[in-house]
Protein chains: 2
Amino acid sequence: MPDDSSLHSGERTFPSNPVRLDAIDRALLRLLERDARTPNNALAESVGIAPSTCLGRVRVLRERGVIRGYHADVDPSATGHPLQAMISVRLQADARGRLAEFVARVSRRPEVRDVYFLAGDDDYMIRVATADSVALRDLVGTMNSWAEVAGTRTSLIFEHHRAPDTY
Amino acid sequence: MPDDSSLHSGERTFPSNPVRLDAIDRALLRLLERDARTPNNALAESVGIAPSTCLGRVRVLRERGVIRGYHADVDPSATGHPLQAMISVRLQADARGRLAEFVARVSRRPEVRDVYFLAGDDDYMIRVATADSVALRDLVGTMNSWAEVAGTRTSLIFEHHRAPDTY
DNA sequence: AATGAAAGATAGTGGCC
DNA sequence: GGCCACTATCTTTCATT
């Protein structure tokens with residue numbers, strides 16, 4: 001297996017093959033999205049195929065990039081980062097050439113969890129998890145001090161719910 | 001093991017125990033965040049403890065809610081939802097009693113992937129994945145038609161990068 | 001593509017330190 | 001907490017259809 005689990009997955013995909021998914025593939029994706037550690041045996045039984053067949057299917061899904069990785073969902077509070085926020089960032093109008101600089105800078109900050117590159121009123125949306133409000137204020141202050149940043153808006157995250165993909 | 005893998009994890013935690021994490025726990029979390037399917041054997045070797053010990057550690061992390069689940073990261077494009085967007089939602093000023101109604105409605109939409117409940121300029125941030133721009137426009141139109149919604153702002157997501165937690 | 005069987009690897013238990 | 005030894009279970013390969 002090619003181990004690209006260390007490539008922290010961005011969302012761009014280069015569909016080497018359009019990848020036709022049948023009903024069984026979709027069922028497997030649903031199950032693995034729910035619990036990525038479901039044993040191959042159990043997956044196979046759930047979708048009604050032999051374990052060896054199931055193994056092959058999942059490998060193909062992984063190799064073709066349909067499955068980009070398997071990740072533990074770790075509670076930020078438990079690791080000392082209970083305060084989460086969404087920071088909308090507008091860059092300077094003339095900063096088109098400095099997009100990479102901004103991304104590099106922001107990615108270096110350990111508080112950053114998600115970086116969304118947007119088309120719309122804002123240029124970026126950054127989700128961060130910090131230890132406390134002091135750390136958050138520092139981070140926002142730092143970002144505002146960067147030359148390419150025109151402005152930021154920060155919203156605290158009270159609650160977050162995920163929904164699985166539906167196919 | 002209590003199987004709560006089917007509870008699509010929200011971010012609230014009720015720290016039954018403050019859960020002290022030592023260096024080994026943090027190493028395990030890092031490894032499992034990178035690749036949730038790393039075999040217990042390999043985890044144990046990486047962090048320098050016996051496999052059985054490692055098994056116990058990971059189980060405790062799971063039971064205490066430090067690890068909330070294990071999820072496959074599925075490429076939305078591969079499942080026919082290549083167009084992603086962030087939708088900021090402001091509710092009507094008098095809609096405080098209708099928060100639950102909004103969340104219920106929005107959660108029913110299959111396009112919705114993340115619902116962030118915010119404190120700030122906006123009340124909610126919704127991440128969605130749709131088949132095309134028609135589907136996105138329909139969704140935004142629908143949300144704007146709800147009585148409790150004062151307004152929305154939609155930004156297309158061009159690119160998304162995740163960063164792992166750093167402990 | 002899918003399968004069953006066999007071999008090897010891994011997970012999980014319990015007794016002990 | 002942690003480890004070792006053991007058993008149960010799972011993964012993976014491969015010859016076959």
Side-chain angles (χ1 to χ4, degrees), chain A residues 1-6 15-75 78-80 167, chain B residues 1-6 15-74 78-79 167:
Chain A
M1 171 170 71
D3 181 11
D4 34 312
S5 60
S6 62
S16 49
N17 273 347
V19 192
R20 295 236 163 270
L21 302 178
D22 64 15
I24 292 176
D25 290 322
R26 284 189 286 269
L28 290 173
L29 292 176
R30 250 192 316 270
L31 290 165
L32 288 171
E33 221 171 33
R34 249 182 205 286
D35 184 0
R37 296 188 53 147
T38 311
N40 182 64
N41 271 347
L43 289 178
E45 196 186 2
S46 289
V47 306
I49 58 180
S52 53
T53 309
C54 188
L55 202 68
R57 289 246 189 184
V58 173
R59 182 176 31 229
V60 168
L61 291 171
R62 184 73 170 91
E63 284 169 354
R64 299 261 171 101
V66 175
I67 297 172
R68 295 190 289 210
Y70 303 100
H71 305 287
D73 175 20
V74 176
D75 183 352
T79 61
Y167 341 106
Chain B
M1 172 172 68
D3 181 12
D4 35 310
S5 59
S6 63
S16 51
N17 272 346
V19 192
R20 295 239 163 267
L21 302 177
D22 63 14
I24 291 175
D25 290 322
R26 284 190 287 270
L28 290 173
L29 292 176
R30 250 193 316 270
L31 290 165
L32 288 171
E33 220 171 34
R34 250 182 205 282
D35 184 359
R37 296 186 56 148
T38 310
N40 183 63
N41 272 348
L43 288 178
E45 196 185 2
S46 290
V47 305
I49 57 180
S52 56
T53 309
C54 188
L55 206 65
R57 288 244 189 188
V58 174
R59 181 175 36 228
V60 169
L61 290 171
R62 184 74 169 91
E63 284 169 354
R64 299 260 171 102
V66 176
I67 297 173
R68 295 191 289 208
Y70 304 99
H71 305 286
D73 175 20
V74 175
T79 60
Y167 339 107

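Since this is a predicted model, take the numbers as computed values, not measurements. Chain A is the first sequence line, chain B the second, and so forth, proteins listed ahead of strands; every chain is numbered from 1.
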Working to the nearest 0.5 angstrom, can you tell me the gap between A:Asn40 CG and A:Leu28 CG? 9.0 Å

Contact list for DNA chain C against residues 22-30 of chain B - heavy-atom distance below 4.0 Å: none

Locate the shortest heavy-atom distance separating B:Ala36 from A:Arg37; write the atom from each residue and the value. O-CD, 3.3 Å

Nearest atoms (heavy-atom pairs only) where A:Asp75 meets B:Gly65: CB-O, 3.5 Å

If we only count heavy atoms from C-beta on, is the A:Ile67 to B:Asp73 side-chain gap below 4.5 Å? no

Which salt bridge (Lys or Arg N to Asp or Glu O under 4.0 Å) pairs, counting each pair once, include a residue from residues 41-56 of chain A, with sequence neighbours left out? none

Do B:Val19 and B:Leu21 have side chains that get closer than 4.5 Å, going by heavy atoms? yes

Between N or O atoms, less than 3.5 Å apart, protein on one side and nucleotides 7-13 of chain C on the other: list the pairs.
| unit_1 | atom_1 | unit_2 | atom_2 | d |
| --- | --- | --- | --- | --- |
| C:dT10 | OP2 | B:Asn41 | ND2 | 3.2 |
| C:dT10 | O5' | B:Asn41 | ND2 | 3.3 |
| C:dA11 | OP1 | B:Asn40 | N | 2.7 |
| C:dA11 | OP2 | B:Asn40 | N | 3.0 |
| C:dA11 | OP2 | B:Asn41 | N | 2.9 |

Looking only at heavy atoms, the pair that brings A:Arg26 and A:Tyr167 closest together is CD-CB, 3.3 Å

Contacts of A:Arg57 that satisfy salt bridge (Lys or Arg N to Asp or Glu O under 4.0 Å) - sequence neighbours left out: A:Asp22, A:Asp25

Who passes side chain to side chain donor-acceptor pair (under 3.5 Å) against B:Tyr70, sequence neighbours left out? none

Between D:dT11 atom C1' and A:Tyr70 atom OH, what is the distance in whole Å? 13 Å

B:Glu45 CD to D:dC4 C1', in whole Å, measures 17 Å

Among the nucleotides C:dT3, D:dC3, D:dG1, which one has an atom lying closest to any side-chain atom of B:Arg57? D:dG1

Bend angle of the helix from C:dA1-D:dT17 to C:dC17-D:dG1, from helix axes over five pairs at each end, nearest 10°: 30°

Could you tell me which non-hydrogen atom of A:Arg68 sits nearest to which non-hydrogen atom of A:Arg62, and how far apart they are? O-NH1, 3.4 Å

